[in-house]
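Just the heavy atoms: all of them, side chains too, but no hydrogens, waters or symmetry mates, feed the values below. The sequence lines fix the lettering, A, B, ..., with proteins before strands; numbering per chain opens at 1.
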Protein chains: 4
Amino acid sequence: MQSSTPAARTGRPRSAAADAAILAATREALVELGWSKLTLGDVATRAGVAKTTLYRRWAGKNELVVDAVAALFDELELPDRGSLAADIEGVVLQFAAILGRPEAKSGLMAVVAESTRDDALRERIRASIVDRQKRLVLEGRARATARGELPPESDPETATRTADLIFDMVAGAVVHRTLVSARPADEEWVRGFTRVLLVGLTSPGAYGD
Amino acid sequence: MQSSTPAARTGRPRSAAADAAILAATREALVELGWSKLTLGDVATRAGVAKTTLYRRWAGKNELVVDAVAALFDELELPDRGSLAADIEGVVLQFAAILGRPEAKSGLMAVVAESTRDDALRERIRASIVDRQKRLVLEGRARATARGELPPESDPETATRTADLIFDMVAGAVVHRTLVSARPADEEWVRGFTRVLLVGLTSPGAYGD
Amino acid sequence: MQSSTPAARTGRPRSAAADAAILAATREALVELGWSKLTLGDVATRAGVAKTTLYRRWAGKNELVVDAVAALFDELELPDRGSLAADIEGVVLQFAAILGRPEAKSGLMAVVAESTRDDALRERIRASIVDRQKRLVLEGRARATARGELPPESDPETATRTADLIFDMVAGAVVHRTLVSARPADEEWVRGFTRVLLVGLTSPGAYGD
Amino acid sequence: MQSSTPAARTGRPRSAAADAAILAATREALVELGWSKLTLGDVATRAGVAKTTLYRRWAGKNELVVDAVAALFDELELPDRGSLAADIEGVVLQFAAILGRPEAKSGLMAVVAESTRDDALRERIRASIVDRQKRLVLEGRARATARGELPPESDPETATRTADLIFDMVAGAVVHRTLVSARPADEEWVRGFTRVLLVGLTSPGAYGD
DNA sequence: TTCTAAGCGAGACGGTACGTCGCGTCTTTTG
DNA sequence: CAAAAGACGCGACGTACCGTCTCGCTTAGAA
């Protein structure tokens, strides 16, 4: 997190193991208890750490859960399945699989809800989770362009705007399907969704005119 | 909410005014404090009501907030703007406007988060909010079919599946844009989104094959 | 404590039993743990009461312990043993016996120590303990005067000053003997002390000039 | 504190200045904060010393405060004022003056309170403070005997017993007057007290019969 | 009308978690 | 090797809400 500060400080250094133990304990507690019944005291106990240690490193429940959940999404990758449609389907399915895990479900929506009243928290979510995964959209487009499936995007502003729209549509739809409609984002659903998205984006007239 | 038991019970009847006052106080508190700092004791005080009165009618914070927020979405309507695209843009803008209000933002995501671990709550959300607004999709389709913009849908199962997909895509994208990306779902964005959605849904091959 | 306020307030009344249980639990904890290891949480648990109930009635550990200890000294009485010397010896022995009990030892000195920085606490101690027991000095003098052992005191100011001096000398000596010198204030010691005190007070020239 | 091992140990020797700085900081903190709000971390900071240094030399708050307070009483001396009564009055006034200082008030009673449950602490208090000042009683008696005001005491046991009684009476009365009754032990009070004490001790029949 | 059962305000209650503070110990780097 | 710096496990603090429980007092339909 802090990068090039090699200033070896005096005093006992913070235990590196504690961070990992705390984040793992947080995910475990999210699975067992869910966001609202998760307590920092319990997390500390599970991690074999004192409450003060936890508070020394995170400002509160929200920040802790953001970090605990963010790691989950780093598993996402974009395997080359040969076509843009297949690539999208693949990554959407992965995303749905993660969102199906209880530690993600319970934690993610809660911190988003909290972030509506806490700008710093929203920034943290954006930095740790959202922007971090936008790479998938960019990779996907680059690959499709290389394959000749998409024309090279000339205007960088349009490119950004489109990438943002795609991300909002993909993430939003999967989240809504999974958490609000509470129905599985399975292969069939993903195929239907991807078809609409892809046709909408590539058909003539979609963004032209 | 109340079933059709017209059996007038004995004893003092519940005050009808109290319900309205409590829900209004809840929205007010959501605006000022947000979900997590909202307390039932405070709501009761704002409503000029005893805590017991509140608990006699709602099981807890979650149920209360669902009811308080649900009313906000009943304002949505589908004015006839002459074309399917315009109709969709109109309703999406309305939806975005509601989601921009702090009492909706803060409350809605929080109860959705809670609902990931509480089936009864999820059902209440679905009944009070989600399914209640699916009418807009159906109305829109009916109107577009009448105008000849869409072919009549023969298979009812496909119709339902498509309507669900549309709802997930619309609601999901607007929520994600507004709350996660935290950028305005303004006219420009809505136009771009609607174009992708509509082209995706109506282009040949989108759902055919 | 509150006297003529018969104003029957609204709401659930405070449990009278809780007060007694808390004070008894406090004395029990003083015996087992002593002042410095006594915690209000533990007292609440022993009393079968929530911590909040305790804090609703007492401002803190100091106030609670003053009340718990004050009751101990109400047992003191001045039995008629036939002479002023015997009366004094009797009450001093009783006082020493109480001070020998661990709940008194540990609690009393601690609150006195605290009271050096807290005027309200000092007043509470004076009202609940010190002034309350000055009755013994007055009773003793009245009885001795009736017996003819002491001349009637004419000047009320001198009477007060002398009573205060006696109280400081008696209480101070017993406390110092018991707690600081940590040797028993037994019959022999009490006899010696009383003799000095009484001779000092009654010999001609002692207060005469 | 340090025994007489002149054997210069290996390694860096303990800073002698640190001891003095810590005790001074302790007294300063007692004045500003009082016993109960005094923390060892704060004392260490005031003394410009690490907490570890402090713990290397004292076992805890109690021991530290005993040492810090003990030094205050070493100022006491018995100036020759010409008569036993005047000598006593002089030293009692000095004692009252010290007890009036906040660092003594707050600290002394607190460690006495603690000592009711800690034998080692009581011994430390006795050795550092009480027995150390008994010299004043002995000096006073010796001087009075030399002057012919008192007969030489033949029985050493009686002498000890009497000296202890005097000490308990003097120290006890002054402490009680100052801390519990919270009224000044001024010249007038001291004169009255001394008269009672001295008459009680020297009148025929006081210890005779 | 009076009776009576429920609703209502107030607020005390037993709990649970909070976030902070001080303790006394430990692990670092520096002198 | 001591000292400073400061992280650490621990346990108590006093507070805030929770949801429940008395209280005394309406209120309005049933008797």
Taking [atom1] from [X] and [atom2] from [N], how many angstroms apart are they, rounded to a whole number?
X	N	atom1	atom2	result
Arg14(A)	dA5(F)	CZ	C1'	13 Å
Arg46(C)	dG14(E)	CZ	P	17 Å
Trp58(B)	dC18(F)	CH2	P	15 Å
Leu54(D)	dA4(F)	CG	C1'	13 Å
Asp19(A)	dA7(F)	CG	C1'	12 Å

Mark yes or no for whether [X], through its side chain, and [Y], through its backbone, hold a donor-acceptor pair below 3.5 Å.
X	Y	result
Thr45(B)	Gly41(B)	yes
Lys61(C)	Leu38(C)	yes
Ser106(B)	Trp35(B)	yes
Thr53(C)	Val49(C)	no

Requested in this report: Mind listing the residues from residues 29-39 of chain B sitting with a heavy atom below 4.0 Å of DNA chain E? Number order is fine.
Outcome: none
Query - Pair Ile129(C)-Leu108(C), side chain to side chain contact (heavy atoms under 4.5 Å, CB included): steps then yes or no - result: CA-CA 10 Å; Ile129(C) 305 184; Leu108(C) 185 62; 4.0 Å; yes
Query raised in the report: Can you find a heavy atom in the side chain of Trp58(C) that is under 4.5 Å from one in the side chain of Asp19(C)?
Result: yes
**Report entry** Side chains of Thr39(D) and Leu33(D) in contact at under 4.5 Å (non-hydrogen atoms)
**Finding:** no
Residue-phosphate contact under 4.0 Å: [X] side-chain N/O, [N] OP1/OP2:
X	N	result
Arg56(B)	dC8(E)	yes
Arg57(D)	dA3(F)	yes
Thr53(C)	dG14(E)	yes

**Report entry** Check against side chain to side chain contact (heavy atoms under 4.5 Å, CB included), Leu64(A) and Leu23(A)
**Finding:** CA-CA 7 Å; Leu64(A) 174 60; Leu23(A) 290 173; 4.0 Å; yes
Query raised in the report: Mapping Gly48(C) and Asp42(D) to their closest nucleotides on DNA chain E, which lands nearer the 5' end?
Result: Gly48(C)
Can you name the atoms? Protein N/O to nucleotides 24-27 of chain E N/O, anything below 3.5 Å, with the distance.
residue, atom, partner, partner atom, Å
dG24(E), OP2, Tyr55(D), OH, 2.7
dG24(E), N7, Lys51(D), NZ, 3.3
dG24(E), O6, Lys51(D), NZ, 2.9
dC26(E), O2, Arg12(A), NH1, 3.2

Requested in this report: Inspect the contact between Arg46(A) and Glu28(A) and indicate whether a charged nitrogen and a carboxylate oxygen are less than 4.0 angstrom apart.
Outcome: yes
